[in-house]
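Basis for what follows: all heavy atoms, side chains included, without hydrogens, waters or symmetry-related copies. Remember, it's 1-based here, ligands and their atoms both numbered in the order they're listed.
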Amino acid sequence: MKIEIKHLNQYYGKKQVLHDINLTISTGMFGLLGRNGAGKTTLMKTLVTLLPVKEGEISMDGISIQKKKAIRSMIGFLPQDFSMYGNMTAYQAMEYLDVLSEIDSTTRKKRIGELLEQVNLSIHKHVKVKAMSGGMKRRLGIAQALLNDPKVLIVDEPTAGLDPEERLRFRNLLSEISEDKIVILSTHIASDIEAAAENIAIMDNGHIIFSESIEKLISQADGKIFTVEVPRTELKPVKEQVQVISLQQEGTLSKIRFIGNQHASIMNHPLVLQEKATLEDAYLYLLSEKGGKENGAISKRIFH
Ligand code: ADP
């Protein structure tokens with residue numbers, strides 16, 4: 001299974017929001033990372049045929065995206081603003097969907113049972129949707145999106161509003177599903193995809209600014225990430241010199257994680273340590289490089 005996107009442009013009215021998108025996505029988990037407004041939802045809506053393709057080409061398994069019906073039968077989609085009737089139980093919500101209307105009732109029951117089991121909701125199948133936690137709702141959403149046994153599962157910002165434990169459970173569920181499907185996961189949080197995805201694309205301002213392995217992205221930031229501990233009172237001048245990734249306050253000290261800059265005097269501080277880059281570091285480093293080259297306003301763009 002392969003999704004190929006070639007020279008895709010997308011517009012809302014006259015405003016262009018996707019610019020010459022080129023991507024090849026194969027079986028496994030694929031992370032789409034970018035800040036709010038980067039164009040992730042627009043790209044996903046295009047892939048699930050909710051937005052027509054007028055400029056460029058997309059194919060899935062060799063089938064053109066213009067063949068809407070064939071493409072839709074291959075796709076399961078969990079949108080960001082996914083909602084269900086609160087008064088239905090988990091089981092009813094599954095049964096309600098049109099996808100199943102042509103399937104005989106025995107097969108239907110079996111399929112619903114299997115999917116609720118897979119997303120760990122079997123024991124909650126008679127719980128009403130409105131009584132479910134955010135994580136349970138998302139998992140039910142995944143079960144629904146898998147009803148037609150799609151080859152591609154597309155999930156938009158799935159971890160928004162989930163607590164850390166639910167987040168982890170959800171991530172594990174998606175990586176299990178990605179063993180034999182393409183799972184495309186969009187997020188603005190790097191850690192959502194760090195453990196699960198091998199390949200990612202980073203979007204910014206409607207452009208793909210990186211598409212390769214996570215490993216490659218991280219290697220680009222190797223040697224550029226540092227920490228230093230300074231008294232709180234010295235924090236401000238450091239912030240002015242370098243781009244801060246994170247800050248930890250410990251008593252009167254501030255522990256600062258930042259992107260190195262050879263011209264900054266803080267680099268000569270005796271307590272400066274070089275750190276191993278994480279995906280989050282590498283992502284911010286990439287944005288700062290692009291931002292720096294494009295308009296010089298680095299931190300304002302990143303920490304917006
Ligand atoms: P993301 O999912 O990465 O947050 P979106 O695809 O939602 O990004 O948005 C990309 C850009 O398109 C943003 O500038 C957003 O304001 C704009 N946009 C999104 N939806 C619409 C719409 N229906 N009409 C006009 N502009 C839109």
Open item on the list: Quick test: of every protein heavy atom, which one is nearest to atom 8 (O) of ligand 1, and how far off is it to 0.1 Å?
Closed with: Gly39 N, 3.0 Å

TODO: Pick whichever of Gln16, Gln10, Lys15, His188 has a heavy atom sitting closest to atom 15 (C) of ligand 1.
DONE: Lys15

Task: Selected option - heavy-atom contact closest to atom 6 (O) of ligand 1, from Thr46, Leu18, Thr42, Leu32 - done: Thr42

Open item on the list: When you compare the side chain of Arg167 with that of Ile189, does any pair of heavy atoms fall below 4.5 Å?
Closed with: yes

Open item on the list: Applying a strict under-4.5 Å side-chain criterion to I, L, V, M, F, W and Y, I'd like to know whether Ile65 and Val17 cluster together.
Closed with: no

Open item on the list: Just to check, does Gly37 reach to within less than 4.0 Å of ligand 1 when the distance is taken from its heavy atoms?
Closed with: yes

Task: Distance filter under 4.0 Å to Arg35 heavy atoms, resulting ligand 1 atoms - done: 3 (O)

Open item on the list: Tell me the protein heavy atom at minimum distance from atom 2 (O) of ligand 1, and give that distance in Å.
Closed with: Thr41 OG1, 2.6 Å

TODO: Could you list which atoms of ligand 1 come closer than 4.0 Å to a heavy atom of Ala38?
DONE: 1 (P), 3 (O), 8 (O)

Task: Thr278 side chain to Tyr283 side chain, donor-acceptor N/O pair below 3.5 angstrom - done: no

TODO: Using a 4.0 Å heavy-atom cut-off, say whether Val17 meets ligand 1 through its side chain, its backbone, both or neither.
DONE: side chain

Task: Contact atoms of ligand 1, heavy-atom distance to Lys40 under 4.0 Å - done: 1 (P), 2 (O), 3 (O), 4 (O), 6 (O), 8 (O)

Open item on the list: Can you see whether Tyr285 engages Gln243 through a side-chain donor-acceptor pair at a distance of less than 3.5 angstrom?
Closed with: no

Task: Lys290 bridged to Asp204 by N-O distance under 4.0 Å - done: no

Task: For atom 26 (N) of ligand 1, the protein heavy atom that lies nearest, with its residue and separation - done: Tyr12 CD1, 3.4 Å

TODO: Give the numbers and elements of all ligand 1 atoms closer than 4.0 Å to a heavy atom of Asn36.
DONE: 4 (O)

- [ ] Quick one: sort the His207 and His19 rings into parallel, tilted or perpendicular, breaks at 30° and 60°.
- [x] parallel

TODO: Evaluate the side-chain contact (heavy atoms from CB on, under 4.5 Å) criterion for residues Thr46 and Val53: first the C-alpha distance (whole Å), next the side-chain angles of each, then the deciding distance (0.1 Å), finally the verdict.
DONE: CA-CA 7 Å; Thr46 307; Val53 175; 3.5 Å; yes

